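The analysis underlying the following values was restricted to heavy atoms, covering all of them including side chains, and did not include hydrogens, waters or symmetry mates. What you see is a predicted model, and the numbers here were worked out from it, not measured in a lab.
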Amino acid sequence: LWSTLLGDKGLGGDPHFGVFHLLSFLSIGGGFWLLSTAWNVLYHAQRRQALAVQGPYERIRHPQYVGFALVLLGFLLQWPTLLTLAMFPILVVMYGRLAASEEAEMRQRFGPTYEQWAARTPQFIPMWRNRRAIG
């Protein structure tokens, strides 16, 4: 679809090296990297029964859902069909709702510690200034 709309033939005429294909690979790869990094931090925090605030959690409160969204976006860029176009916003809204319910649970469980971390850590879009994590 993108190739038809934008004439994206890629480098040397190969559509697999077109802008949207390359962006999709970056999005999918970045999403899987973020997922694996976040899950590792979350696993160790859960074992300690602590709030996950290191790694990607220093920059955003829901790196796992941002990772899922990046993977979904990558597939949308690579293979835009009516189904992927319809499902992308639905899945993003569902992950947003899941994040809200998890936040309520964490507020109840960790109280002021969670509130302090949440007050300086954005939900989904990172802020790249330096900040210290709660230990």
Could you tell me which non-hydrogen atom of [X] sits nearest to which non-hydrogen atom of [Y], and how far apart they are?
X      : Y     : answer
Phe32  : Val71 : N-CG2, 3.8 Å
Ala86  : Pro89 : O-CD, 3.4 Å
Leu42  : Ala52 : CD1-CB, 4.0 Å
Trp117 : Ile60 : CZ2-O, 4.2 Å
Pro56  : Leu34 : CB-CD1, 3.7 Å

Problem - Any donor-acceptor N or O pair under 3.5 Å, side chains Arg61, Tyr57 - result: no

Problem - Ser24-Ser27 side chain donor-acceptor pair, cut-off 3.5 Å - result: no

Exercise for the section: Let me see the working for Leu72 and Leu76 under side chain to side chain contact (heavy atoms under 4.5 Å, CB included), right down to the final yes or no. Expected result: CA-CA 6 Å; Leu72 292 169; Leu76 180 63; over 6 Å; no

What do you reckon, is [atom1] of [X] surrounded by more than 12 foreign heavy atoms closer than 6.0 Å?
X      : atom1 : value
Glu115 : CD    : yes
Phe88  : CZ    : yes
Arg97  : CZ    : no
Phe110 : CZ    : yes

Problem - Gap separating the CG atom of Leu26 from the CG atom of Leu77, nearest 0.5 angstrom - result: 10.0 Å

Fill in the blank from the handout: Rounded to the nearest 0.5 Å, the OH atom of Tyr114 sits from the CG atom of Leu51 at a distance of 8.0 Å

Any donor-acceptor pair under 3.5 Å from [X] side chain to [Y] backbone:
X      : Y      : value
Ser36  : Trp33  : yes
Glu58  : Gly55  : yes
Thr121 : Ala118 : no

Practice task
State, yes or no, whether a side-chain contact exists between Thr84 and Thr81 at a heavy-atom distance under 4.5 Å.
Solution key: yes

Completion exercise
For Ile90, the side chain to side chain contact (heavy atoms under 4.5 Å, CB included) test, sequence neighbours excluded, returns Met87, Met94

Fill in the blank from the handout: Residues at least two apart in sequence or cross-chain that pass side chain to side chain contact (heavy atoms under 4.5 Å, CB included) with Glu102, listed by chain then number, are His62, Gln64, Tyr65, Leu98

Problem - Single-linkage hydrophobic cluster, 4.5 Å side-chain cutoff, Val93 and Tyr95 together - result: no

Handout entry: Leu82 reachable from Leu73 in the ILVMFWY side-chain graph, under 4.5 Å edges
Key = no

Exercise for the section: Using a strict cut-off of less than 4.0 Å between a Lys/Arg side-chain nitrogen and an Asp/Glu carboxylate oxygen, indicate whether Arg107 and Glu103 qualify as a salt bridge. Expected result: yes

